Amino acid sequence: MRNAEIAAALRELSVLYELDGADRYRVLAYKEAARTAQDSPVSLEQLASEGRLTELPAVGKTLAEKIEALIETGSIPAAEKLKAKFPPTLVDVTRVPGLGAKTARRLFDELGVTDLGSLGEAAEAGRIKELKGLGPKVEENVLASLETLPEPGEDSDRRLLSKILPIARELAEALAAHPASGRVEIAGSARRWSETCKDVDLVATASDARALAEALAENQLIAEERAGGEAGAQALTHTGVKVDLRVVPEKNFGNLLQHFTGSAGHNVQLRERALARGLSVSEHGVSKLGGKRVHRFTEEAGVYELLGLPYIEPELREGRGEIEAAEAGELPELLRLSDVRGDLHSHTTLSDGRNSVEEMAEAARRRGLAYLAITDHSASHGFGDHVTAKRLAQRIKEISAFNESAPRGFRLLAGSEVNIGTDGSLDYPDELLAGLDWVIASVHTSFAISEREMTERVLAAIEHPLVDCIGHLTGRLLLRREPYGIDVARVAEAAAANGTMVEINGNPNRRDLNEHHAKLAAEAGVRIVVNTDAHGVETLDNMQYAVATARRAWLSADQVANTRAWRSFAPLRKRAKKS
DNA sequence: GCCGTTTTCGGCCCGACTGTTTTCAGTCG
């Protein structure tokens, strides 16, 4: 059973408990455990078989038993018992914004509402506003929300970071240029470089808050303003992205930026830690419990310093142990974009890219890179853009010729992104692969095979002496396609043992390895490579997303192989060691 | 239900907003 399925079952159980009126902290405990399951880079099924589930944060004896039952029987007895008490479709009712478990339960008890359908009927009939404590506004909200509610399981309110960042940057820039503005910063999940975001959060200081709110409303990206005033403004872009602008005085800009950068989990842990030291933290400032004095900071670092901590980079603020690490002085010095010296995954018009070798080389050089691997798809790629063995041999000569007249300090690598067949075989002869500088092996077909088969398939490639690196290991496409089943821990172990590198693919649709897998792999001793998988000159900029995922995986420059100059990188390749 | 530099029991982040109320519960981020 996949971790994601376990997480979904725990999330459902938390809502069922909530509907049953359970203690809120018990409900919270299940939600926390669901998050742990979702985030875990190692298979919970594996951990369960070894009796090690309680090693996970937020999983105690009871949760471990429930997860074990779920894996063994496919369901959790407690969940089944609750589902007999009230219809499980009542969980859907809590997806309506503004309706929580308390309200959903009342609607069931008093109106017989069992699902979204009967909720709509009750609203249409005007029966909701008759209930004590609920009124016409709630009923209107229900009717309006039912119109726009996404299908269950559909994350339609989340968008790729690559859709959110350009909006956030353009708005921040426009606001910063306004005469009434002071400081303007992007906050929220976009600042933490999350894979997907729900909205754009901006934090600003201003001499005239209303003028700044108006400037936001008048920006060309904004379709409608929802509210605006002294404290900030909310607006909606033409593409339907919510924008939240907060305006604060300069003196507590740091407090607010810290608060609105989140994550929720990080802030909860930070505040709990503060509380244990007699301090209360909020977006307004830090104060002694029962004390009057409020400590306000213009910079975030001040907040952390008062709590006895060094500054914590936004990418680490996920409540995954960063506070403990900060306290112990063990925060990593994170990889930076400027550390990256080469890009080892790119395509040209030879396969499915949009630019020539020369154009890609020039664009890479302009971005300050010292080397770029041209890795077009291989012989069995299909779609009419495969590269025959004969053509690849010719490409090797072209690259060689390019390098002879290449500008100083820059070189191209003759490479290929080779398909891994279902049996683990590669689709070029070894003699040809031996003539390349760099080979990435990736899975592009037959995703539906079992996890066991997929793992064996990739392990075969990892053990191949001429495979230098594995590409986009799990095959996922964010918000579109789930990763295929593969035992990442086993893959990492084998990659470390064989000296095969594994990439973090910077295509913002992929971010694959994800941050959890990348951390696991690096800790297992795998050399990580950050790549763009660029299919044109402009997507060479995807390195920022690969670096972001590396940072969220706690990686430092020395754990990422292509922060090295070519002469130091080249000997790290498996092919260099064999010869 | 989890968890431990005040605790193996008794805590568990903080504040804003909304809609309904006349002081607050529920929801949200």
Side-chain angles (χ1 to χ4, degrees), chain A residues 10 13-36 53-67 76 78 93-107 128-142 145 157 187-189 192 194 197-201 203 226-227 229-232 234 242 244 246 248 252 255-256 258-287 289 294 303 307-308 317 319 323-324 327-328:
Chain A
L10 293 177
L13 182 53
S14 79
V15 181
L16 292 171
Y17 271 131
E18 208 175 358
L19 286 165
D20 195 40
D23 175 73
R24 53 188 287 235
Y25 294 108
R26 193 157 151 229
V27 173
L28 209 60
Y30 280 87
K31 287 195 200 297
E32 275 295 310
R35 208 171 80 100
T36 296
L53 282 172
T54 53
E55 288 176 20
L56 293 167
V59 177
K61 197 159 162 283
T62 309
L63 255 311
E65 277 168 17
K66 292 195 157 118
I67 294 169
I76 303 172
V93 174
T94 65
R95 291 174 45 234
V96 175
L99 295 191
K102 293 258 167 43
T103 314
R105 185 55 195 266
R106 283 196 58 206
L107 291 169
I128 291 178
K129 65 172 183 284
E130 304 300 327
L131 297 185
K132 191 166 157 47
L134 302 179
K137 286 275 176 60
V138 174
E139 199 164 85
E140 280 168 36
N141 165 55
V142 166
S145 298
D157 58 340
S189 52
R192 303 195 313 275
S194 299
C197 305
K198 264 175 92 165
D199 51 17
V200 170
D201 289 308
V203 177
R226 294 194 148 172
E230 288 300 326
Q234 285 94 52
K242 261 178 26 197
D244 198 346
R246 308 266 171 164
V248 275
N252 66 333
N255 300 91
L256 200 87
Q258 194 285 319
H259 174 77
F260 281 105
T261 296
S263 67
H266 174 80
N267 284 351
V268 166
Q269 291 182 11
L270 194 72
R271 288 166 181 195
E272 281 175 352
R273 184 182 183 283
L275 214 51
R277 285 157 182 72
L279 293 167
S280 174
V281 177
S282 83
E283 61 264 50
H284 306 298
V286 185
S287 53
L289 285 180
V294 180
V303 179
L307 300 176
R317 300 183 199 166
I323 293 172
E324 293 86 336
E327 186 166 26

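Note that the structure is predicted; figures quoted are calculated from it, not measured. Chain letters run A, B, ... following the sequence lines, proteins first and then strands; every chain starts at 1.
The gap from the P atom of dC17(B) to that of dG11(B) amounts to 31 Å, rounded to the nearest Å. Atom P of dG1(B) sits at a distance of 23 Å from the matching atom of dT5(B), rounded to the whole Å. If you take atom P in dG15(B) and the same atom in dT23(B), they sit 23 Å apart, rounded to whole Å.
Across all strands, Lys31(A) comes closer than 4.0 Å to no nucleic acid atom at all (heavy-atom distances). Nucleic acid contact for Leu134(A): sugar-phosphate only, since backbone atoms but no base atoms lie under 4.0 Å from a heavy atom of the residue. Nucleic acid contact for Leu99(A): sugar-phosphate only, since backbone atoms but no base atoms lie under 4.0 Å from a heavy atom of the residue. Ala22(A) comes within 4.0 angstrom of nothing in the nucleic acid, heavy atoms only. Heavy atoms of Phe260(A) sit nowhere under 4.0 angstrom from any nucleic acid atom.
Nearest-nucleotide mapping onto DNA chain B: of Lys132(A) and Glu18(A), the residue sitting toward the 5' end is Lys132(A). When each of Tyr30(A) and Val138(A) is assigned the nucleotide of DNA chain B bearing its nearest heavy atom, the one mapping closer to the 5' terminus is Tyr30(A).
Atom CZ of Arg24(A) sits in a sparse spot, with 12 or fewer heavy atoms from other residues, nucleotides or ligands closer than 6.0 Å.
A search for side chain to side chain donor-acceptor pair (under 3.5 Å) contacts involving Glu283(A) returns nothing, not counting sequence neighbours. Annotation: side chain to side chain donor-acceptor pair (under 3.5 Å) contacts of Glu18(A) (sequence neighbours excluded): none. Every residue two or more places apart in sequence or in another chain that forms a side-chain contact (heavy atoms from CB on, under 4.5 Å) with Lys242(A) is listed here: Asp199(A), Arg226(A), Leu236(A). Partners of Tyr17(A) under the ring-ring contact (aromatic ring centres under 6.0 Å, His included) rule, at least two apart in sequence or in another chain, are Tyr30(A). Applying the side-chain contact (heavy atoms from CB on, under 4.5 Å) test to Ala187(A) and every residue at least two apart in sequence or in another chain returns Asp201(A), Val203(A), Leu257(A), Phe260(A), Thr261(A).
Counting all heavy atoms, side chain and backbone alike, Ala58(A) lies closest to Glu32(A) at CB-CB, 3.9 Å.
With a heavy-atom cut-off of 4.0 Å to chain A, the contacted part of DNA chain B has its first and last nucleotide at dG1(B) to dG29(B).
Searching all strands for a Watson-Crick or G-U wobble partner of dC12(B) with both distances below 3.5 Å returns dG1(B).
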